[in-house]
Amino acid sequence: QVQLVESGGGLVQAGGSLRLSCAASGRTASIQAMGWFRQAPGKEREFVTAISWSTGSAYYADFIKGRFSVSRDNSKNMMYLQMNSLKPEDTAVYYCAGATRPPTYGGITYYSRASRFDYWGQGTQVTVSS
């Protein structure tokens with residue numbers, strides 16, 4: 001089992017920045033990749049970004065357009081999401097996810113679907129005011 005705990009959410013004005021953190025514990029040696037997803041009220045959960053736990057290679061959703069950056073610190077079992085130039089439409093609950101199955105194709109892009117992840121955090125609210 002892997003446990004994931006997000007932190008760092010909050011209220012920020014449009015154009016501002018936030019840094020989300022995800023702490024992993026338990027069987028972290030089994031992690032192949034980690035990702036961030038988000039879910040806005042009345043909408044489906046959507047992919048934000050994923051990062052290879054071993055190589056650090058990352059993949060982003062198109063709407064990110066260079067505003068967000070994902071990183072990880074294996075020594076601390078931490079993943080981070082630096083979010084800049086935030087927009088009101090970025091308002092959502094952000095979820096950290098962990099995958100233990102290796103990709104069958106496409107490398108890190110394999111993890112752009114929620115079904116590819118086995119473990120989820122409880123989510124952290126990000127609210128961007130206009």
Quick one: does Ser112's side chain have a donor or acceptor within less than 3.5 Å of a partner on Thr109's backbone? yes
Pi-cation contact, Tyr80 with Arg19 (under 6.0 Å, within 45°): yes
How close do Val2 and Ser30 get, heavy atom to heavy atom, and via which atoms? CG2-OG, 3.9 Å
Side chains of Phe63 and Glu46 in contact at under 4.5 Å (non-hydrogen atoms): yes
Distance-only, no hydrogens or angles: does the Thr28 side chain make a donor-acceptor pair with backbone N or O of Ser25 under 3.5 Å? no
Between CG of Leu81 and CZ of Arg38, what distance do you get to the nearest 0.5 Å? 10.0 Å
Rounded to the nearest 0.5 Å, what separates atom CD in Gln39 from atom CD in Gln125? 11.0 Å
Shortest non-hydrogen contact from Ser129 to Leu11? CB-CD1, 4.3 Å
Could you state whether Tyr110 and Phe47 fall into the same hydrophobic cluster, counting links through intermediate Ile, Leu, Val, Met, Phe, Trp or Tyr residues with side-chain heavy atoms under 4.5 angstrom apart? yes
Would Leu4 and Trp120 satisfy side-chain contact (heavy atoms from CB on, under 4.5 Å), going step by step from the backbone distance to the final call? CA-CA 6 Å; Leu4 302 173; Trp120 294 84; 5.6 Å; no
What I'd like to find out is whether the side chain of Met78 reaches to under 4.5 Å of the side chain of Cys22, using heavy atoms alone. no
Determine, step by step, whether Met34 and Cys96 satisfy the side-chain contact (heavy atoms from CB on, under 4.5 Å) criterion, reporting the C-alpha distance in whole Å, the side-chain angles of both residues, the deciding distance to 0.1 Å, and the verdict. CA-CA 7 Å; Met34 293 188 69; Cys96 167; 3.5 Å; yes
When you measure from the side chain of Arg67 to the backbone of Ser85, do you find a donor-acceptor pair of N or O atoms at a distance under 3.5 Å? yes
Any side-chain heavy atom of Phe68 within less than 4.5 Å of one from Asn84? no
Does Arg101 have more than 12 heavy atoms from other residues, nucleotides or ligands lying within 6.0 Å of its CZ? yes
Yes or no on side-chain contact (heavy atoms from CB on, under 4.5 Å) for Met83 and Leu20, after CA distance, side-chain angles and deciding distance? CA-CA 8 Å; Met83 304 187 295; Leu20 305 184; 3.8 Å; yes
Before we go on, tell me: are the rings of Tyr59 and Tyr111 under 6.0 Å apart, centre to centre? no
Considering non-hydrogen atoms only, spot the tightest contact between Arg72 and Thr55 and give its length. NH2-C, 3.6 Å
Closest contact, heavy atoms only, Ser130 versus Pro88: CB-CG, 3.9 Å
Please name the pair of heavy atoms, one in Ala24 and one in Ile31, separated by the smallest distance, quoted to 0.1 Å. CB-CD1, 4.2 Å
Do Asn74 and Trp53 have side chains that approach each other closer than 4.5 Å (heavy atoms only, starting at C-beta)? yes
Side chains of Leu86 and Leu18: does their closest heavy-atom pair fall under 4.5 Å? yes
Pairwise distance CH2(Trp36) to OG1(Thr124) - rounded to 0.5 angstrom: 7.5 Å
Find out whether Ser69 and Tyr60 are in side-chain contact, i.e. whether some heavy atom of one side chain is under 4.5 Å from a heavy atom of the other. yes
Go through the steps to decide whether Tyr119 and Gln1 satisfy the test side-chain contact (heavy atoms from CB on, under 4.5 Å), and finish with yes or no. CA-CA 8 Å; Tyr119 300 100; Gln1 294 289 329; 3.3 Å; yes
Do Ile51 and Met79 come close enough that some side-chain heavy atom pair is under 4.5 Å? yes
Checking Glu6 side chain against Gly123 main chain: does a donor-acceptor pair fall under 3.5 Å? yes
Within 6.0 Å of CD in Gln122, more than 12 heavy atoms from elsewhere: yes
Kindly say whether Ala99 contributes a backbone atom to a donor-acceptor pair with the side chain of Asp118 at under 3.5 angstrom? no
Would a 4.5 Å heavy-atom cut-off, applied to side chains only, mark Thr91 and Val126 as touching? no
Within 45° of the six-membered ring axis of Tyr95 and under 6.0 Å from that ring's centre, is NZ or CZ of Arg45 located there? yes
So, Phe37 versus Phe117, ring centres under 6.0 angstrom or not? yes
